[in-house]
2 protein chains.
Amino acid sequence: MTRPRTAPRSVHHPDLDAVALRQVLEALADPVRLALVSQLARSEGHISCGGFDVPVAASTLTHHCNVLREAGLIRQYYVGTVKRNALRAEEMEARFPGLLAALLAAATVESPAVAA
Amino acid sequence: MTRPRTAPRSVHHPDLDAVALRQVLEALADPVRLALVSQLARSEGHISCGGFDVPVAASTLTHHCNVLREAGLIRQYYVGTVKRNALRAEEMEARFPGLLAALLAAATVESPAVAA
DNA sequence: CCGGAGCTTCGACCGCCGTCGTACCATGGA
DNA sequence: TCCATGGTACGACGGCGGTCGAAGCTCCGG
């Protein structure tokens, strides 16, 4: 994974056509990851990895972000040393129509704005 | 778990309001269980436990059915020695609007009628 | 050039979940 | 009454996934 010293940091984002439904479900079945996606959906902008409100260590958070990214749910990009996250909502809508919307709505029903 | 010798066999079905989204997602994240629900959705009628087309042992199948039932996704009832399964589609729709429909649609998109 | 903030990588640990085989129970029919 | 059928209960096992801490890397600011 070593990369030429001068290349910019980049991340791999799967084509959504290559993402299996099972991946998405497994990704969202974890409460931490569901919380990440929920927070991302609620806040208009893009949230940095450190900006999430979840009770896990940094390394664990990285892991969860990777899972979400591989499941095609989020897009990540670097801004300086900070890594920002964005929902791939429209692409998901194209791949699995109505799914993400229903999931987010369902999540909201359960925890009605736990936002501090 | 012994029950009076004359009582009919019955099963516990959770109130859907008591079912967490996470339970539903975990239930459906397993490929076998997703297959069960898909087959149930495709075939109009109610399928018996032995009638499913999945490559697992009988005891494993029982386990999966229990998980789906506890997640509020299916309703089970005995007819003689046979146990029938039915989707709780309408109740799920009331609890998590659009969710099950989107999931089933997504599952169909992926495996377009693998029905033999 | 140096430090610190932010994330990642790695290795380890542990608990949970899917799987099975075996033994068993309930029901209906011969 | 006995058997066959259909499911269940239980225990065991294996693997995977979530978790962490420590060490390291990258980029910006000073």
Side-chain angles (χ1 to χ4, degrees), chain A residues 1-13 20 22-37 46-71 73-86, chain B residues 1-13 20 22-37 46-71 73-86:
Chain A
M1 290 309 184
T2 48
R3 136 189 75 83
R5 209 173 297 90
T6 55
R9 287 200 276 188
S10 65
V11 258
H12 168 248
H13 291 92
R22 188 192 176 199
Q23 262 183 286
V24 178
L25 293 181
E26 280 180 354
L28 262 16
D30 184 280
V32 173
R33 290 192 290 261
L34 185 57
L36 295 184
V37 171
H46 303 173
I47 303 184
S48 71
C49 280
F52 287 116
D53 180 25
V54 285
V56 293
S59 54
T60 304
L61 189 54
T62 295
H63 166 66
H64 284 308
C65 282
N66 287 341
V67 173
L68 287 176
R69 179 166 43 77
E70 286 304 324
L73 280 161
I74 65 175
R75 187 172 295 279
Q76 304 186 292
Y77 58 96
Y78 282 94
V79 177
T81 66
V82 173
K83 195 181 205 174
R84 288 265 176 73
N85 304 275
Chain B
M1 292 308 182
T2 50
R3 135 190 74 83
R5 208 174 295 90
T6 55
R9 287 199 276 189
S10 66
V11 259
H12 169 248
H13 291 92
R22 190 194 173 197
Q23 262 182 286
V24 178
L25 293 181
E26 281 181 351
L28 263 14
D30 184 280
V32 174
R33 289 193 289 262
L34 186 58
L36 295 185
V37 171
H46 303 171
I47 304 184
S48 71
C49 280
F52 287 115
D53 181 24
V54 286
V56 294
S59 54
T60 305
L61 188 54
T62 296
H63 166 67
H64 284 307
C65 283
N66 288 340
V67 173
L68 287 176
R69 181 166 44 77
E70 287 304 323
L73 280 162
I74 64 175
R75 186 174 294 279
Q76 303 185 293
Y77 58 96
Y78 282 95
V79 178
T81 66
V82 173
K83 194 181 204 173
R84 288 266 176 72
N85 304 275

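Every chain is numbered from 1 and lettered A, B, ... according to where its sequence line falls, protein lines coming before strand lines.
- The nearest whole Å value for the distance from the OH atom in B/Y78 to the P atom in C/dG28 is 12 Å.
- The shortest distance between side-chain heavy atoms of B/R84 and B/R75 does not fall below 4.5 Å.
- Put simply, the side chain of A/Q76 reaches to within 4.5 Å of the side chain of A/C65, judged on heavy atoms.
- Whole-Å rounding puts the B/R69 CZ to D/dT8 P distance at 8 Å.
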List, one per line, each side-chain donor-acceptor pair under 3.5 Å for residues 26-33 of chain A, sequence neighbours excluded.
{"residue": "A/E26", "atom": "OE2", "partner": "A/R22", "partner atom": "NE", "Å": "2.8"}
{"residue": "A/E26", "atom": "OE2", "partner": "A/R22", "partner atom": "NH2", "Å": "2.9"}
{"residue": "A/D30", "atom": "OD1", "partner": "A/V32", "partner atom": "N", "Å": "2.8"}
{"residue": "A/D30", "atom": "OD1", "partner": "A/R33", "partner atom": "N", "Å": "3.3"}
{"residue": "A/R33", "atom": "NE", "partner": "A/A27", "partner atom": "O", "Å": "2.7"}
{"residue": "A/R33", "atom": "NH1", "partner": "A/H64", "partner atom": "ND1", "Å": "3.1"}
{"residue": "A/R33", "atom": "NH2", "partner": "A/E26", "partner atom": "O", "Å": "3.2"}

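- Side-chain proximity of B/V32 to the nucleotides D/dG7, D/dC20, C/dT19 is greatest for C/dT19.
- Closest to the side chain of A/T81, from the set D/dG18, D/dC27, D/dG6, is D/dC27.
- Note: CZ (B/R22) to C1' (C/dC16) measures 11 Å, nearest angstrom.
- OP1 and OP2 of D/dT19 both lie 4.0 Å or more from every side-chain N or O belonging to A/T60.
- B/H63 comes within contact range of at least one nucleobase, with a heavy-atom separation under 4.0 Å.
- Considering only the side chain of A/K83, C/dC7 comes nearest among D/dG7, C/dG21, C/dC7.
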Audit row: A/L36, A/L61, side chain to side chain contact (heavy atoms under 4.5 Å, CB included) steps and yes/no:
CA-CA 10 Å; A/L36 295 184; A/L61 189 54; 4.0 Å; yes
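- For B/H64, taking side-chain heavy atoms from C-beta onward, the closest of the listed nucleotides C/dT19, D/dG18, D/dT5 is C/dT19.
- For the pair A/L68 CG and D/dG17 P, the interatomic distance rounds to 14 Å; values are reported in whole Å.
- Between A/F52 atom CZ and C/dC7 atom P there is a gap of 10 Å when expressed in whole angstrom units.
- Across the interface with DNA chain D, nearest-nucleotide mapping of B/Q76 and A/A58 shows B/Q76 to be the residue nearer the 5′ end.
- Without hydrogens or angle criteria, A/N85 side chain to A/I47 main chain gives a donor-acceptor distance under 3.5 Å.
- Nucleotide C/dC7 holds its P atom 12 Å from the CD1 atom of A/I74, rounded to whole Å.
- When heavy atoms are screened at a 4.0 angstrom cut-off, A/V56 is found touching the sugar-phosphate backbone but no base atom.
- Summarising the geometry, the separation between CD on A/Q23 and C1' on D/dG17 is reported as 15 Å, rounded to the nearest angstrom.
- The residue B/N66 sits apart from the nucleic acid: no heavy atom pair falls under 4.0 Å.
- To the nearest angstrom, P of D/dC10 lies 18 Å from CG of B/L61.
- If you check every strand for non-hydrogen atoms under 4.0 Å, B/R84 touches nothing.
- For A/S59 against D/dG21, a side-chain N or O and a base N or O form a donor-acceptor pair under 3.5 Å.
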